[in-house]
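Shown next, in C-alpha cells, is the structure this report addresses.
Here the structure is a predicted model, which means the values were calculated and not measured.
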Amino acid sequence: MGEVLAVIPARSGSKSVKNKNIRLINGKPMMAYSIGHALQAGCIDRVIVSTDSVKYAEIAQEYGAEVPFLRPAEYATDTALDIDVFVHALNYLKENEGYLPELVVQLRPTYPIRRISDIENMVKYMQDNPGIDSIRCVAPAKEVVYKMWFKDEDNMLRPVITDIPECYNLPRQQLPKVYYQNACIDVVRTEVILKQHSMSGKKIAGYDMDENFDIDTEEEFLAAEKYIINNGL
C-alpha cells in the first residue's frame, strides 16, 4: 500500500481564541494533541505540521512532528484556503524529497479530542475502496436545512432547499436526515488534491460521528479542557 501522510495545518494567530493552536490546554499546547493522535495511529507513516511560525514549528518538533518547511505568508491568512495549503505542502515534498504519499489525512489542530480508531477506520476505508476520492467526518445536523431561508434585499424569503415542494411546511420527521461536516478528520487521495485541485473530489464518503469538539470560541476551549481533565486524556 502507498504512504499515508498526516498534515496538521497550524497557522499562527487567531481572532476568536488568541493563539489557540499553541494555547495550553491542561498543560499542553493544543496542536500537540493532534500531533499525538497522528503519531498513535498505526496507519500513518509521516506527521507534518504546516505553519508560518518559527515558534509553532519548534513546538511541533518538540512533540514529534516534522516541519520540513515554513508556510508562505499568503497561505497563512484568515482567508487562505485548505487546498492552497495542501498543494503547497505536497509540491514541496515532491520537489525537495521526491516524496508523494497515496493518502493525506488532515487533522485540524483545533480538535484536541479524537478517537485514534476513527483515523484508522477512515484510512482503511480509503485503502479498501480505491474508487472513492475522499472521506470526511459528519455528524447529524441539529438544525433542519429544509426549514432554512435566504432573505432578499426586499425582505422576501426564498427556501434554501427547492427539490422538495414546500418542505419548510412539512414535519421534520418526514424530511430526510441531514448531516454537517464537523472537520475532525478528512482523508483524501493525493491525486485528487494535485490533479483535481480539490480537497474532496467528486466521490465523498461520510464517516459518522456523534460528537464535535472543534474549538472556535472561548466557551468551547473551556469545555474541551474540562472534558480532557475529566477523562484523563
Side-chain angles (χ1 to χ4, degrees), residues 3-41 44-97 99-101 103-114 116 119 136-137 182-188 190 193 199 212-225 227-229 233:
E3 289 272 307
V4 179
L5 170 69
V7 177
I8 300 166
R11 70 179 182 89
S12 60
S14 170
K15 291 181 179 178
S16 54
V17 178
K18 187 176 181 181
N19 283 319
K20 65 180 176 181
N21 287 331
I22 61 169
R23 180 172 167 180
L24 297 184
I25 182 165
N26 194 28
K28 190 162 67 173
M30 184 155 65
M31 71 174 175
Y33 288 90
S34 291
I35 294 171
H37 299 157
L39 292 172
Q40 292 173 60
I44 290 176
D45 300 295
R46 291 184 71 178
V47 182
I48 284 176
V49 168
S50 170
T51 183
D52 58 314
S53 164
V54 172
K55 180 179 180 180
Y56 280 37
E58 292 172 348
I59 292 171
Q61 290 169 328
E62 177 185 347
Y63 283 91
E66 298 179 51
V67 188
F69 54 80
L70 285 182
R71 192 195 308 178
E74 62 264 34
Y75 303 144
T77 65
D78 287 342
T79 56
L81 301 177
D82 284 347
I83 186 64
D84 295 326
V85 173
F86 279 74
V87 166
H88 168 263
L90 289 169
N91 280 338
Y92 180 94
L93 295 172
K94 181 181 178 181
E95 292 166 7
N96 290 273
E97 300 182 14
Y99 176 82
L100 206 60
L103 298 174
V104 180
V105 180
Q106 176 171 201
L107 299 177
R108 292 173 178 84
T110 51
Y111 251 98
I113 301 165
R114 282 188 191 86
I116 309 304
I119 300 174
R136 55 181 50 185
C137 291
N182 68 3
C184 181
I185 308 163
D186 296 319
V187 186
V188 58
T190 296
I193 297 174
M199 289 300 296
N212 181 10
F213 289 104
D214 190 21
I215 293 178
D216 197 42
T217 66
E218 187 69 23
E219 292 74 20
E220 290 167 346
F221 184 95
L222 295 174
E225 184 169 50
Y227 185 96
I228 287 171
I229 293 171
L233 299 177

Pick from Tyr33, Tyr227, Phe221: which one makes a ring-ring contact (aromatic ring centres under 6.0 Å, His included) with Phe213?
Tyr227
Residue pair Ser34 / Arg114, side-chain heavy-atom distance below 4.5 Å:
yes
Close side-chain approach of Asn96 to Pro68, heavy-atom, < 4.5 Å:
no
Do Glu97 and Arg46 meet the salt-bridge criterion of a basic N to acidic O distance under 4.0 Å?
yes
What distance separates Tyr56 OH from Leu70 CG, expressed to the nearest 0.5 Å?
13.0 Å
For Pro29 and Leu24, the nearest pair of non-hydrogen atoms, with its separation, is N-CD2, 3.5 Å
Between atom CD1 of Ile116 and atom CD1 of Ile119, what is the distance when rounded to the nearest 0.5 Å?
4.5 Å
For the aromatic rings, using the six-membered ring if either is Trp, is the centroid distance between His88 and Phe69 under 6.0 Å?
yes
Option passing side-chain hydrogen bond (donor to acceptor under 3.5 Å, both in side chains) with Lys20 (candidates Asp216, Thr110, Thr217):
Asp216
Asn21 versus Thr51: any side-chain heavy-atom pair under 4.5 Å?
no
Do Asn26 side-chain atoms and Glu225 backbone N/O form a donor-acceptor pair below 3.5 Å?
no
Can you list the residues that meet the ring pair (Phe, Tyr, Trp, His ring centres under 6.0 Å) rule with Tyr63, with sequence neighbours excluded?
none
Side-chain contact test, heavy atoms from C-beta onward, threshold under 4.5 Å: evaluate it for Leu5 versus Leu90 and give yes or no.
yes
Is there a side-chain contact between Ile113 and Ile228, using heavy atoms and a 4.5 Å cut-off?
yes
Nearest heavy-atom approach of Gln106 to Pro9 is OE1-CG, 3.5 Å
Inspect the contact between Glu218 and Arg23 and indicate whether a charged nitrogen and a carboxylate oxygen are less than 4.0 angstrom apart.
yes
Would you say Asp52 and Tyr75 are linked by a side-chain donor-acceptor pair, where the criterion is simply a distance under 3.5 Å?
no
What's the separation between atom CD in Glu74 and atom OG1 in Thr79, rounded to the nearest 0.5 Å?
11.5 Å
Identify the heavy atoms of Ile48 and Leu93 that sit nearest to each other, and give their distance.
CD1-CD1, 3.6 Å
Mind checking whether Ile8 and Ser50 have side chains closer than 4.5 Å, heavy atoms only?
no
Output the distance between atom CD1 (Ile193) and atom CG (Asp84), rounded to the nearest 0.5 Å.
11.5 Å
The reported gap from CE in Met31 to CZ in Arg11 (rounded to nearest 0.5 angstrom) is 13.5 Å
Exercise: identify the closest heavy-atom pair between Ile215 and Ala224
CD1-CB, 3.6 Å
Interatomic spacing from CD1 in Ile185 to CZ in Arg108 - rounded to 0.5 Å
10.5 Å
What I'd like to find out is whether the side chain of Asp186 reaches to under 4.5 Å of the side chain of Met199, using heavy atoms alone.
no
With side chains defined as the heavy atoms from C-beta onward, is the minimum distance between Val85 and Arg71 less than 4.5 Å?
yes
Closest contact, heavy atoms only, Asn182 versus Asp214:
O-CB, 4.4 Å
